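I have placed the structure first, in the form of structure tokens, so that the comments after it can refer back to it.
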Amino acid sequence: MTEIGQHQGALASAGETIAPRHHGDLLIAGPLRLRKGRVHEVLGDSADMFAIIVASRLSGHVVWIGPAHDVESLAPTALQAFLDPARIILTVGTTRNEVLWAGEQALRAPGSCCVVMELRDGPDLTASRRLQIAAEETGALGLTLISGRAHTSAAQTRWVCTAVETPAGGWHWRCIKSRQGDLGAWHVTWSGGEDGKPWKTGTLHLAAAPSP
Amino acid sequence: MANRGKRVLSIWLPRLPLDRLMRCGDARIQGPFAVIAEIKSAWRLTHLSDAAISAGLTAGLSVPDARSICPDLLTEPHDPVREAGMLRGLWRWADHLSPWVSPDPPDGLLLDITGCAHLFGGEEGMGKSARQRLQDLQIESRIGIADTKGAARALARFGQSRVEIAPPGRTIESLRDLPLDALALPVDTTADLRRTGIRTIGQLYSVKSSELARRFGLDLTATLSRAVGQTPDPVTPRSADPVYAARMTLPDPIGLLDDLTGVLERLAASVCSRLAQAQKGARRYHLTVRCVDTGDHVITVGFAKPTHDPAALLQQFARPLDELRIEFGADWFRLAADHVEPVQPRQTGFASKGEDEDGAARIVATLGNRLGFDRVRQWAPSESHLPELEFTSVEAINRDAPPVWQPAPRNRPIRLYRRPEPLSAIEPGRPPGKFEWRHQIFTTEKASGPERLMGEWWREDSTPQRDYWRVQTTSGLRLWLLTYPGLKTSDWFVAGRFP
């Protein structure tokens with residue numbers, strides 16, 4: 001009996017040590033929230049817009065890591081409608097491993113609030129677990145933008161973001177996987193930002209969308 | 001001419017080792033005496049006293065040969081450290097001639113005397129006065145004055161008189177009759193040139209530089225154009241700033257990572273505490289590790305802002321130290337701070353913005369030291385109407401203050417492809433009704449345009465006129481299509497993607 005009790009105690013204490021530290025949720029708009037100190041995966045043709053809008057809700061530096069052609073194609077002229085371009089640190093990684101390494105270092109460094117990694121195929125369990133541990137240390141929010149296929153991973157949530165053709169523009173955001181269990185789909189539009197400091201005046205509008 | 005109006009004075013001290021011994025009161029110099037050095041695996045004479053020269057000896061003779069010619073010859077091995085010390089002393093002494101002095105080791109000084117000569121009654125007066133003062137110090141000297149460093153050096157060493165002056169703008173004429181050695185070229189190049197029959201600098205300048213470059217390499221033509229002032233070659237004064245460095249010599253070599261870290265910790269503590277005391281920080285640190293078998297290895301780390309924090313130093317050095325291959329151990333270490341700049345002490349606690357900047361600087365340092373600082377960048381706005389030139393990116397380590405962004409006057413895409421990606425039109429039109437891009441088929445639902453942009457005609461590499469169309473596809477993507485109306489072919493490209 002005592003042995004079992006000890007085992008249970010050991011398990012309980014082990015469970016406490018591996019339980020992730022809670023850094024709170026980031027409120028994006030309405031019911032839409034992302035957990036801080038975790039890594040989230042984003043797929044779809046407008047995944048970068050998801051990252052930019054999430055980053056605009058945070059304050060602090062945004063480290064944007066990816067292959068040269070992806071990072072260099074990002075244009076601050078349009079981006080400044082959403083957030084201050086001076087907050088973004090661009091980093092070019094020539095190989096997938098370099099991108100993941102840089103992402104882990106940036107997540108671990110104090111002072112970065114959001115780390116965006118552009119990858120072709122999603123990180124596997126080992127890689128995403130490493131990223132999760134790094135993010136937990138500082139409470140930074142990690143986003144992996146996946147242009148190819150996503151693999152089974154330790155990501156907190158997985159989103160599919162596509163542009164929709166409506167007069168107002170906007171995007172369709174669908175949460176297809178979540179550790180907390182709340183899935184959903186939203187139609188998201190952005191308005192504002194004409195004069196002065198544009199990134200301060202924009203607002204996000206949210207409407208529930210049917211999940212296809 | 002690149003360095004218009006510059007005047008350079010070169011002081012050559014032909015008997016520096018002998019003069020040093022003379023000033024120390026060495027009486028041997030009165031008789032046959034020579035300073036010797038080990039050259040080509042033999043001890044050879046380098047500097048000779050007057051009596052030795054009159055006995056028939058010349059520089060370059062080996063000591064046994066010289067002894068057989070002149071049995072009374074006394075010799076002394078040269079002492080590079082003390083001679084360099086003497087040159088350093090003279091470098092400070094030369095401050096009274098010009099504030100812009102650089103040592104020209106092993107036996108010379110270079111002074112930028114632009115605008116100084118009139119204080120001594122002209123260039124000739126300046127040269128004579130400098131020579132006289134050196135003579136009072138029992139130091140023999142020769143002086144050359146010309147428009148460039150190379151020419152002044154050549155005139156000091158090979159000129160006819162003791163103070164040789166090339167009038168402004170007449171550098172080539174004054175160098176014409178000097179031998180090739182005056183250019184201080186590598187020995188091999190000089191020998192090769194001599195083999196082709198070229199003896200003087202004048203002959204060299206009469207050969208086409210393209211032919212010289214083809215045969216002897218670009219170094220030769222670069223030296224030549226520097227000597228006549230076609231490419232600038234300024235006198236760089238050595239900085240008088242204090243050196244922030246520390247070194248450690250160990251009785252036995254070490255090789256374990258923990259031991260190396262321990263050494264680095266002590267060196268960093270010493271250097272950083274001195275920097276902190278002076279309220280300074282360094283942007284770059286060099287660590288020299290001298291291995292017993294493979295010689296010196298220099299590891300350099302950079303920082304995005306001046307730093308004197310030993311912990312940050314250790315963190316950045318951890319990885320390169322780990323990668324360093326030390327097989328038989330290292331016994332000599334030196335840590336030197338480079339790019340030293342003042343740091344302002346800052347109040348901690350209230351200023352969350354400052355901490356933010358600190359964090360960003362640390363990220364930039366971490367990523368840059370591994371990936372290279374050219375790959376960690378930030379945007380800076382720039383003035384242009386062409387979409388790809390509306391912004392540039394600068395190395396994040398070099399950016400001081402965040403730039404001010406003006407709101408975009410026109411609608412621009414969020415992704416702007418540096419090289420527009422060609423699409424294949426399935427249904428032709430302006431813009432195409434249906435097209436394939438990145439292995440996907442898109443149908444145009446709505447299109448607006450064209451936005452016609454001219455190239456920057458005042459630039460030589462201006463691009464042709466172009467038409468941009470905003471296209472809403474049925475799949476939702478908003479693309480920016482591009483075509484060149486001036487060209488005969490009507491190819492279409494995807495220039496970018498809107499948010």
Side-chain angles (χ1 to χ4, degrees), chain A residues 44-46 48-49 52-53 59-61 63 65 68-82 84-94 98 101-102 105-113 115 138 162-167 169-172 190 193-199, chain B residues 304 352-353 355-368 370-372 374-381 387-388 390-391 393 396 399 401-419 438 440 445-446 472-479 496-499:
Chain A
D45 55 24
S46 291
D48 45 1
M49 283 318 299
I52 288 167
I53 288 172
S59 65
H61 283 275
V63 188
I65 307 156
H69 59 92
D70 283 338
V71 169
E72 280 163 14
S73 69
L74 212 59
T77 335
L79 191 120
Q80 59 177 330
F82 302 93
D84 182 1
R87 281 174 55 200
I88 296 191
I89 298 170
L90 303 164
T91 306
V92 174
T94 46
E98 259 185 22
W101 173 86
Q105 293 297 323
L107 281 169
R108 194 158 273 158
S112 60
C113 72
V115 178
T138 55
T162 49
V164 285
E165 45 103 16
T166 52
W171 310 274
H172 187 259
W190 179 275
E194 277 90 29
D195 48 348
K197 292 216 165 184
W199 57 84
Chain B
S352 68
K353 193 166 166 53
E355 279 166 28
D356 239 34
E357 290 298 318
D358 272 3
R362 210 170 303 165
I363 296 170
V364 170
T366 309
L367 296 178
R370 168 84 184 273
L371 304 173
D374 56 329
R375 278 163 54 184
V376 185
R377 308 184 79 89
Q378 287 193 297
W379 285 307
E388 70 272 19
E390 278 170 354
F391 59 93
S393 70
R399 210 203 61 179
V404 179
W405 287 86
Q406 298 300 323
R410 288 167 292 271
N411 225 332
R412 287 283 176 257
I414 190 86
R415 291 279 187 176
L416 186 68
Y417 303 119
R418 291 273 120 172
R419 186 172 297 169
R438 289 191 175 177
Q440 266 184 303
E445 189 185 286
K446 229 170 25 186
Q472 168 79 59
T473 64
T474 47
S475 74
L477 272 191
R478 292 169 279 274
L479 297 174
R497 202 184 77 220
F498 284 96

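Remember, it's a predicted structure, so these values are computed and weren't measured experimentally. Protein chains get the first letters and strands the later ones, always in sequence-line order, with residue 1 at the start of each.
Looking at B/Pro499, both its backbone and its side chain come within 4.5 Å of chain A, counting heavy atoms on both sides. Heavy atoms closer than 4.5 Å to chain A are found in the side chain of B/Arg362, but not in its backbone. With a threshold of 4.5 angstrom between heavy atoms, A/Thr162 does not approach chain B through any atom at all. For chain A, no part of B/Arg419 is nearby; none of its heavy atoms comes within less than 4.5 Å. In this structure, the portion of A/Gln105 lying under 4.5 Å from any heavy atom of chain B is its side chain and not its backbone. Only the side chain of A/Ile52 comes within contact range of chain B, judged by heavy atoms closer than 4.5 Å.
Checked by atom type and distance alone, the side chain of A/Thr138 pairs as donor or acceptor with a backbone atom of A/Leu107 at under 3.5 Å. With B/Arg375 contributing its side chain and A/Thr91 its backbone, the two residues share no donor-acceptor pair below 3.5 Å.
By the side chain to side chain donor-acceptor pair (under 3.5 Å) test, A/Arg108 pairs with A/Glu104, A/Glu137, sequence neighbours left out. Residues passing the side-chain contact (heavy atoms from CB on, under 4.5 Å) test with B/Glu388, sequence neighbours excluded: B/Leu386, B/Leu416, B/Arg466, B/Tyr468.
For the set B/Arg412, B/Arg377, B/Glu390, the entry with the most heavy-atom pairs within less than 4.5 Å of chain A is B/Arg377. Note: A/Asp48 leads A/Val63, A/Val71, A/Asp48 in heavy-atom pairs under 4.5 Å with chain B. With respect to chain B, the highest number of heavy-atom pairs below 4.5 Å among A/Thr94, A/Val92, A/Ile65 belongs to A/Val92. Listed options B/Val376, B/Val364, B/Asp374 were ranked by heavy-atom pairs under 4.5 angstrom with chain A; first place goes to B/Val376. Residue with the most contacts toward chain B among A/Pro76, A/Gly170, A/Cys113, A/Ala163: A/Pro76 (heavy-atom pairs, distance under 4.5 Å).
At a threshold of 4.5 Å between non-hydrogen side-chain atoms, the residues B/Arg478 and B/Thr473 do not count as touching.
In the displayed structure, B/Arg418 atom CZ is contacted under 6.0 Å by more than 12 heavy atoms of other residues, nucleotides or ligands.
For the atom pair CD1 of B/Ile414 and CE of A/Met49, the computed distance is 5.0 Å after rounding to the nearest 0.5 Å.
Ring orientation note: the planes of B/Trp379 and B/Phe391 are nearly perpendicular, at an angle over 60° on the 30°/60° scale.
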